[in-house]
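Please read the structure below before turning to the comments.
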Amino acid sequence: MFPLEAPPDTSAYMIAGYVIFFVIAAIYLISLLVRWRNLNQDMTTLEAIEKDNKRKAEKPSKEQKN
Amino acid sequence: MATRTSTIVHKQSANPSFLKATFAIIWKDVAAEFRSREIFSAMLVFSLLVILIFNFALELDIVTRQSVTAGVLWVTFAFAGTLGLNRSMAVEKDRGCLDGLLLAPVDRAAIYFGKVISNLVFMLIVEAIVLPVYSFLYNVNLFNPGLLLVILLGSIGYIAVGTLLASMAIQARTRDVLLPILLFPVAIPVLIAAVKASEGFLAGSDFSTIYAPLSLLIGYDVIFTAIPYMVFDYVVEE
Amino acid sequence: MQSKPPALKILDISSVLVLAIATYLALIYAPEEAVMGQVQRVFYFHIGTAWTGLLGFLFAAGLGIVYLVKQDIKWDIAGVAAVEISAVFFLITIMLGSIWARPIWNTWWTWDPRLTTAAITELIYIAYFMLREGIEDPDRRARFGAVYTLIGGISAPITFFAIRLFRTIHPVVIGGGDPNAQGTFAMTPHMEVAFFFGLFAFTVIFIDLFWNRIRMGQLAAKVEQLKLNLMH
């Protein structure tokens, strides 16, 4: 196929390939972690607001829940 | 869940009014379009502009014309088709027609086929005007029964899947930009097959070379009429 | 949110381990290929991500059908997870393939059926996320997502056959012998070990990510529900 005696030196491409693989994998993992953390933060805030609302609703009159 | 089962039951009772409902929808669309002409004129003017732009972009001299005519035509049809599909479904949504149709006691599939056929009619009319204009402008003879068959089959596949995707796209926040993004990657097989088959007919090649793209086109039409027919319920359900 | 189940923790650790082993096998254990040189080592991860990515897309189409039948949001959460991970894997496949192609085919990109289909498939699933992005109602978003994965899952193989109308130069390493292919090679036993372990490793990694992503989807659904409750 290739009229060459020794294999051509293509190690630069190989290194580039594996670097890109690990970079994309790292970016995806970080994005998962960031999204996970944001969701957890939202969750705690929302739960706090909900508790607050419930307390407020219970105190003056039981007019509204949720 | 209740609406789901009721529509399924509805579908199973072989409804004699199915054809009637389909025709009523086609008739409604065609009559409305005949009065306003907004979809049709937009598609037509847009197609002519695309062809003009191609003239400058590709330097359509005698030699290039031979090889790119099929491609130019299908790109034009695809772009004009998206414009028409978007508009025809958006009109339904904005005027509240879709909600009315969904409340009416007709099979949802009748709504789907009605919309497909009226969209197809608009697209075929635009194509019927674009083809002679193209032949006139570029001095290429496009009156080839084979080519006309390919255009019919290609338009059917494109509109069948396009109508389903357009009814999803108009319900999204980003509806104006969404349809081409959803439709083009899925419609690529029909465009490839249509371009290949059109090229073959235009060059007067042997039927054995046209056979493969033509059968692909027919296969695509069958599959992408059947699948939207099955899932259309889920797309319009409230 | 409750802490991770121990089985998932074990799976997390094992996927890191299998990735390390797969990297070792691909980079050191497998011999250098005689014709292509070092760049051939990219192939182990290329195939691993390609296979799991493709299966993931098919799996997502299946989950879409299940969602449409059952109308239970958990199937949609699983579907999104499968599509997202497959899209990342497929992006890796395309980029690694492109890097391999530069020295072997002398070009970064060629409009060959596999490459073109891969690019179009990736675009279909990017469109999938854009579609979901534009819809607020969770049930409608799930229904549209399911319908689109189904349409995309059927269209992608047809695209492949459509582009097959042209010729291919992509090598078929397992069970193929297209004389036009450039860059084909015979695998030595050591290469086979690296190859099959790569497939296994990426399957494990896919399952691990899939599970984690589903947990995230469940949390996101909860947050969305709470937000909707507070607004009313």
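Chain identifiers are assigned alphabetically (A, B, ...) following the order of the sequence lines, protein sequences preceding nucleic acid strands; residue numbering begins at 1 within each chain.
Checked against the 6.0 Å centroid threshold, C/Y125 and C/F90 do not count as a close aromatic pair. Taking the ring centroids of C/F59 and C/F210, they lie under the 6.0 Å cut-off.
Residue B/Y220 touches chain C through its side chain alone, counting heavy-atom pairs closer than 4.5 Å. Heavy atoms of C/I126 lying under 4.5 Å from chain B are absent altogether.
Most heavy-atom pairs under 4.5 Å with chain C, from the set B/L182, B/V235, B/I188, B/V190: that is B/L182. Counting heavy-atom pairs closer than 4.5 Å to chain B, the top-ranked of the candidates C/L131, C/T121, C/T116 is C/L131. Of the listed residues C/G134, C/A119, C/A146, the one with more heavy-atom pairs under 4.5 angstrom with chain B than any other is C/G134. The candidate with the highest count of non-hydrogen atom pairs below 4.5 Å against chain C, out of B/L178, B/L217, B/I223, is B/L178. Of all the listed residues (B/L165, B/V186, B/L164, B/V177), the one sharing the greatest number of non-hydrogen pairs under 4.5 Å with chain C is B/V186.
Counting non-hydrogen atoms of other residues, nucleotides and ligands closer than 6.0 Å to CH2 of C/W51 gives a total of 12 or fewer. Atom CD of C/E133 is surrounded by 12 or fewer heavy atoms from other residues, nucleotides or ligands within 6.0 Å.
Judged purely by distance below 3.5 Å, without hydrogens or angles, the side chains of B/R108 and B/Y112 never pair a donor atom with an acceptor atom. For the 3.5 Å distance criterion, the side chains of B/W74 and B/S198 qualify, holding a donor opposite an acceptor.
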